[in-house]
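Structure, as structure tokens:
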Amino acid sequence: MTLRAPIALFAIAASIWGSTWLAIKFQLGVVSPDVSVAYRFALAAILLGAWCAMTGRSLRFDRRAHAFLALQGVLLFGFNYVGVYWAERYATSGLVAVLFSTIVFMNPVGARLLFGTPLTWRTFVAAVLGIAGVALLFVPELTLARHGSDAALGIVLGLGATVIASGGNLAAMRNQRAGIPVLTGTAWGMVYGALGAAVVAVAQGATWAFDPRVPYVASLAYLVVFGSVVAFGAYLTLLKAVGPGPASYVAVVIPVVAMAVSTVFEGYRWTPIAAFGVVLAIAGNWFALKPARRQRSSSTTIRRSDVPL
């Protein structure tokens, strides 16, 4: 197995993103979330762009390509992360991570609508299991929301960010089908994502501050190098190799890692209902990954989107 093998790409992206949910917590406070997102992806774009230039990869694209790269960047690196950062102001990082795992259902539906990718009955069964699990997981937050808690806002922001991220995945899929290389396309996408976050910051009237303290700087460095350049490089390469459906199953592992981190560092207290909700959501995702059995009929074949990593 090499680092470019699907299973390796899967493991790299899932393990890194499972920990970045906590790192994002250290970004909240002095600096506005919108500004932090702009910093993160501007720095990541500079690093990745420099790497592409040093390795002889062309960063030149025509206007049409730039239009779709802008779409990918604004959705996947800009508005998506602004929503995630704001969601983590109202919910624990582990809970936001579990909520984000619903992308495993959004991507196949979006791919079906835009690219005609087939949907199987297992996808719908897995969606029911996953959504039920997420609903059970958020019972305490939904109960508190009825009494004026801000948890409901965190849920709305988290779901909105997930929808936007799914749109970014589909835009990336379109760009890859058009022949845009992963690394150079990602570098430009991060440029546009940083600009998108900056526009949101200006619209919100955010102050362009910077927190020089170690927790903010260290977490920003981790998010730039690992959470952005390494993880997205691995994930988008995986997306090109196996498609948006199977690639989105990275979200199966992310909540497991994130909940473990949240339990240790944030003191998240498990309830039986929440624990069962996580089990149910992961079971739904596992069912979505379960290989379809080959049928004897010559008219029935296993499509690429049915095969797990």
Side-chain angles (χ1 to χ4, degrees), residues 12-51 73-74 76-100 150-151 153-154 157-158 160-161 164-165 186-187 189-235 254-255 257-268:
I12 291 170
S15 60
I16 292 176
W17 280 335
S19 62
T20 56
W21 297 94
L22 180 63
I24 289 174
K25 282 291 187 179
F26 294 100
Q27 296 286 286
L28 306 176
V30 175
V31 184
S32 169
D34 317 326
V35 175
S36 287
V37 172
Y39 289 158
R40 171 179 174 177
F41 287 106
L43 291 171
I46 292 172
L47 287 178
L48 189 54
W51 171 257
V74 169
L76 193 57
F77 307 122
F79 297 159
N80 162 34
Y81 272 91
V82 169
V84 169
Y85 277 45
W86 278 102
E88 289 206 11
R89 283 194 164 188
Y90 305 101
T92 66
S93 58
L95 291 177
V96 175
V98 174
L99 186 62
F100 199 84
D150 288 333
L153 180 56
L157 289 170
I164 293 171
T186 301
M190 288 180 175
V191 170
Y192 290 117
L195 290 174
V199 169
V200 174
V202 172
Q204 293 284 345
T207 301
W208 288 84
F210 186 81
D211 187 351
R213 292 176 297 179
V214 172
Y216 183 85
V217 175
S219 60
L220 179 61
Y222 180 78
L223 291 170
V224 168
V225 177
F226 294 98
S228 300
V229 175
V230 177
F232 269 109
Y235 177 75
I254 290 175
V257 178
M259 275 299 196
V261 173
S262 182
T263 301
V264 174
F265 293 99
E266 297 182 313
Y268 175 74

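Heavy-atom basis, side chains included; hydrogens, waters and symmetry copies ignored.
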Residue pair Trp86, Asp34: steps toward the side chain to side chain contact (heavy atoms under 4.5 Å, CB included) verdict: CA-CA 8 Å; Trp86 278 102; Asp34 317 326; 2.8 Å; yes

Minimum heavy-atom distance between Ala45 and Val191, given as atom pair plus value: CB-CG2, 3.6 Å

Side-chain heavy atoms of Asn80 within contact of Phe100, under 4.5 Å: yes

Minimum heavy-atom distance Pro33-Tyr85, with the two atoms named: CB-CB, 3.6 Å

Short side-chain to backbone donor-acceptor contact, Arg40 and Gly227, under 3.5 Å: yes

Nearest-0.5 Å distance that lies between atom CZ in Phe232 and atom CH2 in Trp17: 4.5 Å

Leu220 vs Leu43, side chain to side chain contact (heavy atoms under 4.5 Å, CB included): CA-CA, chis, key distance, verdict: CA-CA 9 Å; Leu220 179 61; Leu43 291 171; 4.1 Å; yes

Interatomic distance, Asp211 atom CG to Tyr39 atom OH [nearest 0.5 angstrom]: 10.5 Å

Spatial distance of atom CG (Leu28) from atom OG (Ser36) [nearest 0.5 Å]: 7.0 Å

Heavy-atom pair with the smallest gap, counting every atom of Phe26 and Ser219: CB-OG, 3.5 Å

Separation between CZ of Phe77 and CD1 of Ile164, rounded to the nearest 0.5 Å: 14.0 Å

Contact summary for Ala197 and Ala38, nearest pair of heavy atoms: CB-N, 3.7 Å

Pairwise distance CD1(Ile254) to CD1(Ile16) - rounded to 0.5 angstrom: 10.5 Å

Side chain to side chain, Val37 and Val200, heavy atoms closer than 4.5 Å: no

Heavy-atom closest pair, residues Ala44 and Ser228: CB-CB, 3.7 Å

Results of ring-ring contact (aromatic ring centres under 6.0 Å, His included) for Tyr216 - residues two or more places apart only: Phe210

From CG (Leu76) to CE (Met190), nearest 0.5 Å: 8.0 Å

Distance-minimising heavy-atom pair for Val217 and Pro212: CG2-O, 3.7 Å

Residue Tyr222 excluded, over 12 heavy atoms near OH under 6.0 Å: yes

